2 protein chains.
Amino acid sequence: MNSLDSVRSIRRPSLHEELTDTLRTMIVEGVLVAGEKVPERKLCEKLGVSRTPMREALKVLAADGLLTLQPNRGAKVRGITVEELEEVFPLMGALEALAGELACANVSDAQMNQIRFSHEAMLDCYHSSDMPGYFRHNQRIHELILEAAGNQALSDMYRTLAVRVRRARYLANMSKERWRMAVAEHEQILLALEARDPQELGGILKRHLENKFATVRHWLNSQQSRE
Amino acid sequence: MNSLDSVRSIRRPSLHEELTDTLRTMIVEGVLVAGEKVPERKLCEKLGVSRTPMREALKVLAADGLLTLQPNRGAKVRGITVEELEEVFPLMGALEALAGELACANVSDAQMNQIRFSHEAMLDCYHSSDMPGYFRHNQRIHELILEAAGNQALSDMYRTLAVRVRRARYLANMSKERWRMAVAEHEQILLALEARDPQELGGILKRHLENKFATVRHWLNSQQSRE
DNA sequence: AAATTGAATTTTGCATTCATTATTAATTTA
DNA sequence: TAAATTAATAATGAATGCAAAATTCAATTT
């Protein structure tokens, strides 16, 4: 066996791939504001790239549902309406339930430990009222469950949807009461996963999601009536 | 009310959108062969477009999972492996079940008639052993159920997955016996939908899918061992 | 002054060009 | 002659150029 066999060719991502990720992040973080036009030229200058890879990235993000392309009028950040949320919610519910089922069957001990670790870290954030930290660890846990499910196609689909609602979820702050409840639900999630109970886990994940969405829906409605 | 208010602005699709559709069709129809490189230059010449919109379309189709982009080595038609099929199958199952549930709740009488009509047309094809026709009407029925579900996000996701497996499904010819069974399952689907029984419909759709996949899996395995 | 018209400007979609990287062919070396 | 090296050719990725469309803004009309 040659010693060079283990040297993997370095993966240099193409510009449009990097741009897709960058823009996606900018949308989720609200740097690119929902409803507003994507300033193509400015972004190109700011990021030091030409329009070609930028426009490729825009096309991909539009296919992902994060932007809408208006012929001859550029791209707009799509955001999410209450109606769209009502569509996306049952979809994510079905995917979460499936992820839960699969995770119970496939989660490894190492993965289980990672989940426990993130769970604890999330609890710490809760007790110190660190919302951004909580949000981050929360997201991580769901990512880990998805990973434990061991289904790439499922992960991809779920993530596409999750990104679409993430911004709204972040902006829709939980009430103290709702936060307490969410933490309780997460305790149940951990328990069901440790017990490898697919039925139970699928159910809790769906209920948990339902509650999260109730919060977002409430916020979206209040936003809509504000205009 | 102005008489011009009803005049909708004509939608002229951009080149890259048309190309995306064209290429998608070419992949499903096997004009672009799974595993082979996409002849970018030739396609551009053949279709009379420049590389810019073509490459935009390639990026989108790669994001959809229909192509893989190899850095500095062009795009390859992805096809589907047995492993990927095993991933996509439960996903589509969950989506079909959801579609069934929603369709029971939301299907209109007009939609119900359309479905019945396609069902009858499909039966005719079965009795005259017209496989391509059967395949077409079959696909149409599933499209109609999805439409009846009234969830755009669900339709989009399902279609993305369906396209990925469609080519393989087409190539994996059903046995006489399996075909008879598939028709029987479709009778049950129609019955459950007419009875607006979401539980029943979801279950049958999932079982129906399971059988379809068994056929494809069998074919993929025989293909794999042939090489 | 409000609405309408019409240039000037910007933006957009796509084609073209160019540098870099792969692939193939030709040549050399062992 | 087979492997290795080099040169020639083709492809890819990204920047630039250009015509068509949209937008802005000033001029004109009502």
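We name chains A, B, ... by the order of the sequence lines, and we start the count at 1 in each one. Not measured: the values here are computed from a predicted model.
The CG atom of A:Leu43 sits 17 Å away from the P atom of D:dA14 (whole-angstrom rounding). Atom CG in B:Leu69 sits roughly 18 Å away from atom P in D:dA11 (whole-Å rounding). Taking atom CG of residue A:Leu58 and atom C1' of nucleotide C:dC14, one finds them 15 Å apart after rounding to whole Å. Taking atom CG of A:Leu19 as the reference point, atom P of D:dA14 lies 9 Å away to the nearest angstrom. Counting to the nearest Å, the P atom of C:dT12 and the CD atom of A:Glu56 are 17 Å from each other. The CZ-P distance, from A:Arg41 to C:dT10, rounds to 9 Å in whole Å. Distance, A:Arg73 CZ to D:dT23 C1': 9 Å, rounded to whole Å. Taking atom CD of A:Glu45 as the reference point, atom P of C:dT10 lies 12 Å away to the nearest angstrom.
Side-chain atoms of A:Thr52 lie closest to D:dA14 of the nucleotides C:dT16, D:dA14, D:dA22. Checked against D:dT12, C:dC14, D:dA14, the side chain of B:Lys37 finds its nearest nucleotide in D:dT12.
Within the nucleic acid shown, A:Lys59 has no heavy atom closer than 4.0 Å to any nucleic acid atom. Within 4.0 Å (heavy atoms only), A:Lys42 reaches no atom of the nucleic acid at all. The residue A:Arg51 sits close to a base: some heavy atom pair falls under 4.0 Å.
Shown are A:Ile27, A:Val33, A:Thr68; of these, the side-chain contact (heavy atoms from CB on, under 4.5 Å) with A:Val77 is made only by A:Ile27.
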- Item | Working for side chain to side chain contact (heavy atoms under 4.5 Å, CB included), residues B:Arg169 and B:Asn138 | CA-CA 12 Å; B:Arg169 273 182 57 193; B:Asn138 184 353; 4.2 Å; yes

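Of the two residues contacting DNA chain D, namely B:Val38 and A:Asn72, the nearest-nucleotide position lying further toward the 5' end is that of B:Val38. Nearest-nucleotide mapping onto DNA chain D: of B:Pro39 and A:Ser50, the residue sitting toward the 5' end is B:Pro39. Comparing A:Glu40 and B:Gly48 by the nucleotide of DNA chain C that holds the closest heavy atom to each, the one mapping nearer the 5' end is A:Glu40.
In this structure the side chain of A:His119 never reaches within 4.5 angstrom of the side chain of A:Ile189, judged on heavy atoms. When side chains are defined from C-beta on, B:Val163 counts as touching B:Arg166, because their heavy atoms get closer than 4.5 Å. Between A:Leu19 and A:Met54 there is a side-chain heavy-atom pair separated by less than 4.5 Å.
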